[in-house]
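Worksheet for the structure shown next.
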Amino acid sequence: MATSTQLTQVNTRQVLRWLAGHLRPYRWRVAGAVVALFVASGAWLALGQGVKYAIDKGFMGDHPGILNQAAVAVLIICILASLATYCRFYLMTWLGERISADIRMQLYGHLLHLSPSFFSKVRTGEVISRFTSDTAILQTVVGMSLSMALRSTVTFTGALILMATTSPLLTLCVLLAVPAVLVPIRILAPQVRKYARLSQDKIADLGAHIDQSLHEIATVQAFNAQSSEARHFDQRVADAFAVARQRIHYRSLLIGLIMVLSLTAILLIAWIGARQVFSGSVTPGELSAFLFYAIMAGGSVATISEVIGEVQRGVGASERLLELLASPVDIADGKQELASLNQAPALHINNIHFAYPDSAPLFENFSLSVEAGETVALVGASGAGKTTLFQLLLRFYDTQQGNICLADQPIASLKLSALRSQIAIVTQESVVFATTVMENIRYGKAEATDEQVIEAARNAFAHEFIEQLESGYATQLGERGIRLSGGQRQRIAIARAILADRPVLLLDEATSALDARSEKMVQQALSSLMQGRTTIVIAHRLATVQHADRIIVLDKGKIVAQGRHEELMKSDTLYREYAELQLLS
Ligand SMILES: Nc1ncnc2c1ncn2[C@@H]1O[C@H](COP(=O)(O)OP(=O)(O)OP(=O)(O)O)[C@@H](O)[C@H]1O
């Protein structure tokens with residue numbers, strides 16, 4: 001089972017650069033948000049000056065007219081500040097939504113190019129969790145928390161400057177208090193971030209568990225494993241909760257400490273200020289304005305301390321997303337296009353060596369040639385390497401030595417799209433997507449017309465049963481096509497390959513037995529599919545080996561015999577045993 005530790009690690013600088021890169025296309029909106037931010041903060045700060053003016057000139061100077069002017073000024077400032085806040089809030093939330101949407105698209109695009117070997121290491125549930133919950137966190141952080149942090153930083157700086165112009169001595173006292181507030185931030189913020197990340201990992205773990213058990217729900221229920229699955233899940237939930245508790249603990253501690261420190265500092269400063277008013281060195285209006293700013297500054301610090309945990313969480317989430325994006329595409333794309341072929345190409349596998357990562361070699365000095373238009377049946381015990389050969393031909397894995405040639409061109413030099421567009425594959429477990437029958441078949445050739453799809457279905461002996469479905473070709477197939485029988489699913493997969501009309505066919509026959517009628521139809525569909533193509537079939541049926549031009553008997557990555565069915569039945573004991581025990585007749 002894979003965990004995040006198997007992914008490429010990234011650091012904070014890479015995360016920040018990556019986020020900045022995503023913001024760059026929207027630089028005007030970022031600029032707009034920043035301007036709105038300054039306007040709003042400036043307006044709130046100007047209120048303090050209004051307070052000072054009203055107290056010193058209005059109250060103390062006994063001029064009620066000035067109070068009216070001050071009230072109008074305050075109203076204008078409030079309206080301006082509210083408008084600017086609307087703009088800031090709208091733009092920042094927009095940016096949060098936009099960036100997470102962009103990242104989701106970028107990530108999905110990247111994942112589609114990672115080879116199957118990546119997905120054999122990393123659990124899909126984990127990937128899905130990163131996709132959904134980590135991008136959602138990022139959305140909140142960019143849209144809300146970051147905006148609050150920025151606003152508070154600007155307000156804090158502005159308040160500090162205005163405090164300094166009002167009373168330098170009191171400001172000095174405030175500045176002395178700042179480091180006391182920064183200490184808990186420096187100590188506790190990394191802890192918040194660490195547990196935020198761990199918390200996301202645990203949530204991903206839950207996602208992976210749900211994904212697996214619900215996908216295989218029939219097996220879970222058939223083995224009465226509900227309670228043991230639930231127990232495992234409960235354990236994971238408890239683990240996730242324990243980590244979340246740690247995160248909450250550090251966050252609460254951070255908020256509490258900062259509050260107590262900043263409030264104590266404000267109280268102390270108010271006390272010193274009050275004494276200065278008595279001594280006459282500060283006017284009551286100045287002290288009121290100063291306290292107004294001090295409370296604003298204190299409030300900003302409190303907000304920063306609250307959202308800093310969120311921002312740390314966002315950095316944690318970004319790290320996890322970036323790790324997925326940093327997973328390299330391990331199959332290097334070739335450069336050459338394939339010249340158009342006027343007949344099915346030959347395949348030559350020349351002296352290849354291949355071992356799966358961290359495994360013993362499977363193929364050593366292995367060679368096999370399949371002539372143009374030939375049908376070769378592969379037979380052999382489980383684990384002989386039949387499926388692996390298909391994986392190598394499609395370049396899901398690369399060989400460590402030797403080469404594979406398609407129409408005399410090494411496949412490693414071909415563009416992956418050029419190579420794969422020559423090959424149609426029908427897998428053992430016929431893959432059916434959760435969409436209509438029509439779209440399922442059209443997957444073989446996106447531009448095919450409805451008529452071409454129906455023609456392919458006819459050739460795959462599928463038209464008849466499709467017509468009988470409740471909405472014919474428009475029938476929605478459930479997830480994994482649960483509404484079709486095994487034989488029907490196979491024929492849909494065959495129709496898709498017929499429609500794709502590619503010169504090379506890799507066919508992994510289903511091992512499950514079908515009833516005689518379905519069997520006959522699947523066989524007919526297959527022979528219509530193989531016509532005029534270079535075909536390699538992993539054979540599980542007697543009819544297939546009997547019709548093959550050549551049978552290759554594989555054992556532990558080696559060819560142990562080859563020939564036609566009748567010859568091998570006479571000459572090869574391994575094959576005879578295999579044919580008698582394994583082939584479905
Ligand atoms: N992704 C993988 N990573 C590591 N080893 C693998 C991987 N896939 C297959 N193998 C190993 O490679 C060997 C050949 O497997 P392969 O699937 O090619 O056999 P096969 O002949 O197709 O078997 P079957 O008829 O059961 O499908 C087996 O020993 C298997 O354990």
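The analysis underlying the following values was restricted to heavy atoms, covering all of them including side chains, and did not include hydrogens, waters or symmetry mates. Whatever order the structure lists ligands and atoms in, that order sets their numbers, starting from 1.
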Q) Do you see a protein non-hydrogen atom under 4.0 Å from atom 6 (C) of ligand 1? A) yes
Q. Do ligand 1 and Lys386 have nitrogen or oxygen atoms that lie under 3.5 Å from each other?
A. yes
Q | Option nearest atom 28 (C) of ligand 1 (shortest heavy-atom distance, choices Ser382, Gly557, Gly383) | A | Gly383
Q.
Can you name the atoms of ligand 1, numbered from 1 with element, that are less than 4.0 Å from a heavy atom of Thr387?
A. 17 (O), 18 (O), 20 (P), 22 (O), 27 (O)
**Q.** Nearest-contact summary for atom 12 (O) of ligand 1 - protein heavy atom, Å
**A.** Tyr356 CE1, 3.3 Å
(Q) Does either side chain, that of Gln562 or that of Arg550, offer a donor lying less than 3.5 Å from an acceptor on the other one? (A) yes
Q | Structural part of Leu362 in contact with ligand 1, heavy atom criterion under 4.0 angstrom | A | side chain
Q: Look up atom 31 (O) of ligand 1 and tell me if a protein heavy atom lies less than 4.0 Å from it?
A: no
Q. Are Lys570 and Arg576 side-chain neighbours, meaning at least one heavy-atom pair lies under 4.5 Å?
A. no
Q.
Check for me whether Gly380 has a heavy atom closer than 4.0 Å to any atom of ligand 1.
A. no
Q: Say whether Thr534 and Glu374, considering side chains only, have a donor N or O and an acceptor N or O under 3.5 Å apart.
A: no
**Q.** Interfacing atoms of ligand 1 (cut-off 4.0 Å, heavy-atom, Thr388)
**A.** 14 (C), 15 (O), 16 (P), 18 (O)
Q. Taking the inter-plane angle between the rings of Tyr575 and His565 on a 0 to 90° scale, is it parallel (under 30°), tilted (30 to 60°) or perpendicular (over 60°)?
A. perpendicular
Q: Fit a plane to each ring of His232 and His209, take the angle between them on a 0 to 90° scale, and name the class: parallel (under 30°), tilted (30 to 60°) or perpendicular (over 60°).
A: perpendicular
Q: Determine whether the aromatic ring centres of His463 and Tyr473 lie less than 6.0 Å apart.
A: yes
Q.
Quick check: Ala384 and ligand 1, any N/O pair under 3.5 Å apart?
A. yes
Q: On the 0 to 90° scale, with breaks at 30° and 60°, tag the Trp18-His22 ring pair as parallel, tilted or perpendicular.
A: perpendicular
Q) Against heavy atoms of Tyr397, which atoms of ligand 1 measure under 4.0 Å? A) 1 (N)
(Q) Let's go through Asp239 and Gln235 carefully: what are the C-alpha distance in whole Å and the side-chain angles of both, what is the deciding distance for side chain to side chain donor-acceptor pair (under 3.5 Å) to 0.1 Å, and is it a yes or a no? (A) CA-CA 6 Å; Asp239 287 350; Gln235 186 53 48; 3.3 Å; yes
(Q) With respect to Pro357, determine whether any N or O atom, backbone or side chain, lies less than 3.5 Å from an N or O atom of ligand 1. (A) no
